[in-house]
Amino acid sequence: MSGNDDIAHIEEELPLQDLPLDAWHRAKGARMVGFAGYHMPIQYEGIMAEHGWTREHAGLFDVSHMGQLTFSGEGVDEALEHLLPSDIKGLKPFRQRYSMLLDEEGGILDDLMVSRIGGDAFDGADIYMVVNGATKYDDIGWMIEHLPDEVVMNHMDEQALLALQGPEAGEALATLIPETAALVFMQSGPFVWRGVPLWISRSGYTGEDGFEISVPAGDVVLLADALCALPQVKPIGLGARDSLRLEAGLPLYGHDLTPAVSTIGADLGFAIQKRRREEGGFIGHARVMKELADGPGSRRVGLKIEGRLPAREGAAIYAGDVLVGEVTSGGFAPTVGAPIAMGWVSLPHAGLDEALEIEVRGKRIAATVAPMPFVPHRYRRKA
Amino acid sequence: MSRYFTDEHEWIDVEGEIATVGITDYAQEQLGDIVFVELPAEGTSFEKGDDAAVVESVKAASDVYAPISGEVVETNSALEDEPALVNSDAEEDGWFFKLRIADASELEGLMNEAAYKKFVASL
């Protein structure tokens, strides 16, 4: 018997590093795998159980591998608007936005969350950014190259990051920090818990209500223990994080998003506000405008799969005899109760309900272009 | 009946000329939640080491090899409706397929239960 671990396939030349919660994960019975250069928990009791728990209660995810950056200095908004296609000048204090780094050809270098700090959190920096773990050092290099000297970027590698996700996340976190109940989706702010300064945003990557909590590495064990002592909360591994985000229709960088694909094709045009489209002034703008006018060559789509056989990353997608695309994420979806996938399909075949076939081990299985998310989002928005 | 084990974490029960093949409890534990099992067609002949079945967990697909050469005489159809049987009862009801043994000498050199336990403990 042998297999490739889809989730942990990234090969690292450097020895894997330990996250601040490494011993904590092991003590909780986690199975650790290499991911993004770190030993990370892929599962504790099992992906199906952890996935279901997060959809019904609240799951705690260690996402400390991700890069946490701050930006400050004269002209920081203008400088970031050169790097990011999103509206930074219009980003109000304590608000967060989904954005991405694009290369000169409009290819996606990374996707990320950016927020305006407001107040004196993070030493009074102006902007807080969370980027993917596997790409963080490349992102930092890219940004150093493209930021003016007046803008100071700080990589907070002494800061851990937890995500608390699920319909009971709000109630759970409010028992430790009552003031967090006031946060709504994509809002963030500074909080203090037992004297520990936290930066908390109401966001996440599971499609559920929840939070991302930035905490000094030295205090993360205490916070993780306090959260998991609550009846609503269990630790959840990378495996369920992947199946949850796939059901939520959220793309995973390095799989569904790469430098070879564009924002408009990825159906992420919402991250480029009207003013930025019209005015431009960001790296990759020409590609965005061209694809808005002419349409992209191919699109990221959801795929409903007939039967029980999962179609996984790399599987070819056909319309009759014609190769029209490739699966970029796929697997069994526990909440849907069937296999689902995400893939890139050439435009004429990417319309909703388009009947396609996916080749799995020499066999063709029927698939249909389906709307995403596969499981409805349940974010807590402003009433 | 004798039970043999391979270092690919498969078990083989031998009764006369028929060998029943499955994956070990250790293997199912490593794979996690199993959501699909692709079984070979009856009548297929395998050489030792051929890809014989595929087991899909939530996170990945893994090959199951023919531990010895032989012809498939029966497959476990219960796995089609309930692949999780491999998780709940890997070494009995979660069997994969039965082979008519082509060359009994291939069984030599496989591990017995005690040796397999020792092998797993060393991993």
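In what follows, every chain begins at residue 1, and chains take the letters A, B, ... in the order their sequences are listed. Quick caveat, the model's predicted, so the values are computed rather than measured.
The local environment of NZ in A:K28 is crowded, with over 12 non-hydrogen atoms from other residues, nucleotides or ligands closer than 6.0 Å. In the displayed structure, A:E306 atom CD is contacted under 6.0 Å by at most 12 heavy atoms of other residues, nucleotides or ligands. More than 12 heavy-atom neighbours from other residues, nucleotides or ligands sit within 6.0 angstrom of CD on B:E42.
Considering only heavy-atom pairs separated by less than 4.5 Å from chain B, the leading option among A:A49, A:G307, A:P310 is A:P310. Heavy-atom pairs under 4.5 Å with chain A were tallied for B:N87, B:D51, B:D33; the largest tally goes to B:D33. The most heavy-atom pairs under 4.5 Å with chain B, out of A:R361, A:Q43, A:R308, come from A:R361.
Within the 4.5 Å cutoff, no side-chain heavy atoms of B:K59 are placed close to those of A:D242. Within the 4.5 Å cutoff, the side chain of A:M48 has heavy atoms near those of the B:V35 side chain.
Here the CD-NZ distance, from B:E38 to A:K363, works out to 3.0 Å after rounding to the nearest 0.5 Å. One distance of note links CD of B:E56 with CZ of A:R312; it measures 4.5 Å at 0.5 Å rounding.
Heavy atoms of B:S57 lying under 4.5 Å from chain A belong exclusively to its backbone.
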